[in-house]
Amino acid sequence: MEIRFPDGRRRRVPAGIEAGEALADGAAKDGVPPLAALVDGVAVDLASPIGHDVALAPLTFEDRAGRDILQHSAAHLVAKGLVETVPEALPTHGPPTEEGFYYDFDVRPLLPADLDGVRAVMQRSIEAREPFVRKQLSRSDAERLFAANPHKLRYLADVGPNEPVTVYTTGSFVDLCRGPHVPDTHWLEGIHLLGFSAVEDSVSGRPLQRIRGVAFPTRAELESYLKLRTEAAARDHRVIGSKQELFMFVDEAPGFPFWLPKGMILVRELEKYVAEHLRASGYAEVRTPLLFAQSVYETSGHWEHYRENMFLTVDGNRTFGWKPMNCPGSMLIFRSRPRSYRELPLRLAEFAPLHRLEASGTLHGLTRVRELVQDDAHLFVAPDQVEGEVRKLLDWIQEAFTTFRLGWSYELSTRPASFLGEAGVWDTAEATLEKILRESGVKYRVSPGEGGFYAPKIDIHIRDSLGRPWQTGTIQLDYQLPARFRLEYQGADGQLHTPVVIHRTILGSWERFLGVFIEHCAGRFPPWLAPVQVRVLPIADRHAAAAQGLADSLAAEGVRVEVAAPEESIAKRVRTAEVDRIPYVVVLGDQEAAEGGLAVRTRGSKESLHQSPAEFTAHVLDRIRRREYDP
RNA sequence: GCCGCCAUAGCUCAGUCGGUAGAGCGGCUGAUUUGUAAUCAGCAGGUCGGGAGUUCGAUCCUCUCUGGCGGCUCCA
């Protein structure tokens, strides 16, 4: 019998050899022990026997498939732990995730002490190196084995008629599972429980308890993961926001951010950045009411689809809703007089506060709030203008996110279960968006059923410091609202036509964008955004006048500059400036006075640079004007 | 909204086995006038998140409300 290795070598082995042995005997590569094997591209246990000629490759933790196998094995270990701690717990399923794994149980609400019990059982198992043993059962034996667990019986019923029914045993714990698994529980010594929470069973709707965790093949790898997590927590935008006095919240206005003076500078700079682009791209800015009567939302469909998330206010016998998005206002502007095809594309931008009654449990710093301002615009276009406009938007997204050095990903979201209009129109709109994405050569993911109730969309996602994805920009191709608002324009053919509306934001909202960006830059803002761009430190009182003079001349150029008087040691003031993440720190003392120069310390560098005031000013202004990322 | 956890000075936290509280940083005042990540000293600052209950007595125990955190759900 012959096996082939990935490097092209071939080897004769006795029939029935275990995959692990076959790998150990000659295919070992760079010393990383495999945790499973790929046989003809299919992941199997190392203990799996090989019966005929195959292509054989090792799977390690470095491989995505190998990582998933380890996480899934860790989930089994958690199930073993909980079943031994809380015997009435019914395991349901325990898949690997992006971060690690979870296992859902049908059980009474868990307590922190339950997790301690789970940890203890897991530790004993890891020390005992309990093997994961695969066994094939008849369907009826399996039904008997899992008779007490309706969830497992349900999964059992899902096993295909030609598929073997297999279980994996770990010590005394048996779980219905296709596998494969790591050889034994010692592989899971780097297991870590992240917590537990209530989830809803997608099939039965019953409340389940989910235990989440992450696992590594060694304790050392777990340690470095935990260290990374600690570092990520330090760049949490909620922490930085309060340290740098950017924004705050009060109990009396949950989810409603206060922008403090320094944070407001960030908002205004973003606005300026976006506004410059809008001017250059043929947009007009408008401002429409914050409240509309119920009838407007009935027209838009929000009353039916979104009412429970809207703030309402009553005036006499009329109910008004605080607008959760800007579309109605723009629609009403378009409809306010007859429109010609010559006006299209009509691009109306609006940066107005929006109010959304988000459920209390979903609020999260700046990234999930109840009042927000989007860099919003509505493009009223003729059908044949859709592609060109969407392509321009993709270009702008690229430019904008590159400026912020943010990685982003696209997601195409299609028709949801509850939608307005006709399926055929949706199909066309979805096909158009997908075609543009495909032709742009960008990577994207498709999320079926995740579109808005009125339009399919391309969403832009960026990640926070803990890797949680957040939606920022969105491009929605809407054929519904224009019809519902009875929008029309007169075409070149003299006939009346309904425009298509592209709803789009690029950065999303200032709130969410800044929340994520603060974590991305860890509070070290690019000079153009930094609330304080330059801080001048006179060594002694006799240098104060020169320091103020420099500050005044920088301020006259529009630079945000402040002077830190010599009430504290120069070392202390340098430290404070560093802690405050000031991009440029200028020290002025006898030496500088004599030379007519400046000692410039650029954020992140311990070295001082000697520059003339003119050189320094030109440098700072240039970095700011070009919106360079680094000082 | 659901499950669990948390709430003590502006911030980060300690503490009281039930007898109303401390530190560091920050703030203020004074001294120091400093050469690139913390000069020294003094002072001020808290009805221990709100309400109710148990108790001779509650910051501590119980209930409840509010807010926050981690998940879930949701996200026009």
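Proteins come first, then strands; the chains are lettered A, B, ... in the order of their sequence lines, and each starts at number 1.
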Are there more than 12 heavy atoms of other residues, nucleotides or ligands under 6.0 Å from atom [atom1] of [X]?
| X | atom1 | result |
| --- | --- | --- |
| E245(A) | CD | no |
| E88(A) | CD | yes |
| E298(A) | CD | yes |

Pick the [atom1] atom in [N] and in [M], then give their distance to the nearest Å.
| N | M | atom1 | result |
| --- | --- | --- | --- |
| rU8(B) | rG15(B) | P | 14 Å |
| rA21(B) | rC48(B) | C1' | 8 Å |
| rG45(B) | rU33(B) | P | 31 Å |
| rG49(B) | rG68(B) | C1' | 11 Å |
| rC17(B) | rG22(B) | P | 14 Å |
| rA7(B) | rU12(B) | P | 12 Å |
| rG30(B) | rA44(B) | C1' | 14 Å |
| rA14(B) | rU55(B) | C1' | 27 Å |

| task | Please work out which of the three classes, parallel, tilted or perpendicular, describes the rings of F380(A) and H378(A), given edges at 30° and 60°. | result | tilted

| field | Parallel, tilted or perpendicular: rings of F401(A) and F513(A) (30°, 60°) | value | perpendicular

| task | Mark up nucleotides 25-35 of chain B, 5' to 3', with B wherever a protein heavy atom is under 4.0 angstrom from a base atom, S wherever such an atom reaches only the sugar-phosphate, and - elsewhere. | result | -S------BBB

| For P112(A) and G452(A), take the nucleotide of RNA chain B holding the closest heavy atom to each; which residue's nucleotide lies nearer the 5' end? | P112(A)

| field | Whichever of L111(A) and M325(A) has its nearest RNA chain B nucleotide further upstream toward 5' | value |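 Final value for this comparison: L111(A).
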
| request: Hunt down any stem RNA chain B takes part in, defined as 3 or more consecutive Watson-Crick or G-U pairs whose two distances are each under 3.5 Å. | output: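 Looking at RNA chain B, the stems formed by three or more consecutive pairs are B:1-7 with B:66-72, B:10-13 with B:22-25, B:27-31 with B:39-43, B:49-53 with B:61-65.
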
Base, sugar-phosphate, or nothing for [X], non-hydrogen atoms under 4.0 angstrom?
| X | value |
| --- | --- |
| Y454(A) | sugar-phosphate |
| K323(A) | nothing |
| L363(A) | sugar-phosphate |
| L110(A) | sugar-phosphate |
| R601(A) | base |
| R356(A) | base |
| G195(A) | nothing |
| P324(A) | base |
| E607(A) | nothing |
| H364(A) | sugar-phosphate |

Atom [atom1] of [X] and atom [atom2] of [N]: how far apart are they, to the nearest Å?
| X | N | atom1 | atom2 | value |
| --- | --- | --- | --- | --- |
| D236(A) | rC11(B) | CG | P | 16 Å |
| E578(A) | rA37(B) | CD | C1' | 7 Å |
| D251(A) | rC6(B) | CG | C1' | 13 Å |
| F196(A) | rG4(B) | CZ | P | 8 Å |
| D580(A) | rU36(B) | CG | C1' | 15 Å |
| L366(A) | rC75(B) | CG | P | 22 Å |
| L193(A) | rG4(B) | CG | P | 18 Å |
| E252(A) | rC65(B) | CD | C1' | 14 Å |

[atom1] of [X] to [atom2] of [Y]: how many Å apart, nearest 0.5 Å?
| X | Y | atom1 | atom2 | answer |
| --- | --- | --- | --- | --- |
| T505(A) | F351(A) | OG1 | CZ | 10.5 Å |
| E511(A) | W259(A) | CD | CH2 | 5.5 Å |
| R119(A) | L193(A) | CZ | CG | 4.5 Å |

| query | Among D201(A), D104(A), D106(A), which one satisfies salt bridge (charged side-chain N to carboxylate O under 4.0 Å, His left out) with R210(A)? | reply | D104(A)

| message | So, does R238(A) get its side chain near the phosphate of rG70(B), meaning an N or O under 4.0 Å from OP1 or OP2? | response |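 Checking rG70(B) against R238(A), a side-chain N or O does come within under 4.0 Å of OP1 or OP2.
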
| request: Ignoring the backbone of K606(A), work out which of rG67(B), rA37(B), rC75(B) is nearest its side chain. | output: rA37(B)

| request: Assess the pair F216(A) and Y225(A): is the distance between their ring centroids shorter than 6.0 Å? | output: yes

| task | Please say which of L348(A), V386(A), L393(A), V500(A) ends up in a side chain to side chain contact (heavy atoms under 4.5 Å, CB included) with L379(A). | result | L393(A)

For residues 579-587 of chain A, please give each side-chain donor-acceptor pair under 3.5 Å, one per line with the distance, not counting sequence neighbours.
residue	atom	partner	partner atom	Å
D580(A)	OD2	R535(A)	NH1	3.1
D580(A)	OD2	R535(A)	NH2	3.1
R581(A)	NH1	E578(A)	O	3.3

